[in-house]
**Q** 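One structure, pasted below without further comment.
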Amino acid sequence: MGPMNGSGDLSSEMEVDAFRRLFPLWFHERHLLESIRPDGRSLGRARDTTLALGAVASADGSALAKIGCTTMLAAIKMEVMTPTVESPDEGCIAVEFHMPPICSAIVRPGRPAEVAPVVSKQLSDTLLRQVVMTFSGMIDLKDLSLVSGKAAWMAYLDIYCLDADGALFDTALLSAVAAFCHLKFPMVSLNDDGRVVVVSGESKGGKSGKEAVNKEQRKLNLISIPFSLTCTLHNNYILADPTAEEESIMETLVTVILDSSLRLVSFYKPGGPVLAFTSAVM
Amino acid sequence: MEYVNPEGIREDGRRPLEMRHLHAEIGTVARADGSAVFEMGNTKVIAAVYGPREVQNRSQQLNDQALVRCEYTMPNFSTGDRMRKPKGDRRSTEISLVIRQTMEACILTHLMPRSQIDIYVQVLSADGGTRSACINAATLALADAGIPMRDLVTSCSAGYLNSTPLLDLSYFEDSAGGPDVTVGILPKLDKVTLLQMDARLPIDIFEIVVQLATEGCKAVANYIHEVLLENTKQLEYRRGL
């Protein structure tokens, strides 16, 4: 939150900063009248996005996503488990979204943020969705099966928010999808009890002598990749990709998720003032 | 098991008195008042400082000094196997307490009465020496937040395996079961604020290992000084001075 004007006039700088803190709504509305936002973006413009795959060396798949200042680290660890009786050839994915107190001044240790379980639920719905007639989820759980009825993969996806500056769901989804893209299945082999066991990558002295069942580490097959965008609506203005400051003062929030064939996957508007349907769809 | 081979090289290719590669960045968490990322080899830690701000729990408010709180968490994926309880387990609580008391010793708390300073440390990747990396990251984050301190606190670990004192243990060397000494010092004042050791060690060897760890701390302090100086130059440049 640097000074508004580049010339360091101290007295007017103080006023702008104080005005921003004391009357945030007026501050932003004055900007909206000029069709611009405090950080210089136009109303429909999203922030710079960066993505880094393989951020965590100890995980099977990981990614670090940044939209503006919002930073999320996603990592996937795979474990072998026995599948359930009802679906013997399907694996399982457990999605957990954490907001540690490092990410924002509002989160206190011991009391999790209100928005964390909401984002967590939205994420697991998007990644695992199965519609009865057509299959529109991102991952086919059958892909995660090893031996039908005996062994399947359990993928633990953990997403940690390292910096919360608005558009949390977008960044979380981006990092989760990227982590799945980066995921490589660990090698497994049959140990003496006939159970499937994960073999660590490096062979230490070749003591084990077990043959790995799947030597080539294959990647997960993603069916359709979802993308999302969050917008806030205020009076008649639609602002794309809000920062935390804008989110806290604007009236309502809308999240739209599309998949790679541009079909609408999800539309989410959690309460807030009623507005005309057409303007919302636009 | 051989941790130092006969030529004097350790398992990861270092010499016994060699530290791992250090890397630090300031200002990584935009929302925090001060933040830093500190890497010692493969151990990567991010620290964020919020404060001084209003005390959240009025009953804990101290009228003559600031309240310092610290929380240490490790995400599920930071170690080899996935951990079930990332925080609230005994080790995390103990390390949180250790970091808090170490930083409290060097922050000038009497300058900020009735306020609270929160230090949150999160381990992104663990490969031994997480305690030291956390303290170093917390120091940088406090400096970035502009909180007045007596001196920087730097920390380093050292051990003794195969009759050789080793500096900056990695996870592999740490899990060997030999002694592990962690030292935290205030470099300019040359005072020790943290000293922890487990396993057994004869007293004369103990002195050697502590001396070694202190040297390591001083090397870290030099590096932190450089990083802070560079950061200040950048700030000056941006303000147009």
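Not measured: the values here are computed from a predicted model. In what follows, every chain begins at residue 1, and chains take the letters A, B, ... in the order their sequences are listed.
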**Q** Counting only non-hydrogen atoms closer than 4.5 Å, does A/A55 touch chain B with its backbone (N, CA, C, O), its side chain (CB onward), both, or neither?
**A**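 Contact with chain B is absent: no heavy atom of A/A55 under 4.5 Å.
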**Q** Checking an interface table here. Which of residues 44-55 of chain B come within a heavy-atom distance under 4.5 Å of chain A?
**A**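 Against chain A, the residues of residues 44-55 of chain B that fall inside the cut-off (heavy atoms, under 4.5 Å) are B/I46, B/A47, B/A48, B/Y50, B/R53.
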**Q** Listing request: all side chain to side chain donor-acceptor pair (under 3.5 Å) pairs with a residue in residues 63-72 of chain A, at least two apart in sequence or in separate chains.
**A**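 Listed by first then second residue: nothing to list.
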**Q** Just jot down the side chain to side chain contact (heavy atoms under 4.5 Å, CB included) partners of A/A52, sequence neighbours excluded, or say none.
**A**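 Listed in chain order: A/L64.
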**Q** Would you check if there is a donor-acceptor pair between the side chains of B/Q196 and B/D198 at a distance under 3.5 Å?
**A**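 Checked: B/D198/B/Q196 side chains show no N/O donor-acceptor pair below 3.5 Å.
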**Q** Please classify the contact between B/S35 and chain A as side chain, backbone, both or neither, with a heavy-atom cut-off of under 4.5 Å.
**A**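 Looking at B/S35, nothing touches chain A.
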**Q** Ring centroids only, cut at 6.0 angstrom: are A/F23 and A/F19 within range, meaning strictly under it?
**A**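 Yes, the ring centres sit under 6.0 Å apart.
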**Q** Of all heavy-atom pairs between B/R100 and B/C70, which one has the smallest distance, and what is that distance?
**A**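 In terms of heavy atoms, the two residues are closest at CB-CB, 3.7 Å.
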**Q** For the residue pair A/Y160 and A/H98, does the interplanar ring angle fall in the parallel (under 30°), tilted (30 to 60°) or perpendicular (over 60°) class?
**A**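 The arrangement is parallel - the two ring planes meet at less than 30°.
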**Q** Using the test side chain to side chain contact (heavy atoms under 4.5 Å, CB included), find all partners of B/D64 that sit at least two apart in sequence or belong to another chain.
**A**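 If we apply the side chain to side chain contact (heavy atoms under 4.5 Å, CB included) test to B/D64, skipping adjacent residues, the hits are B/L62.
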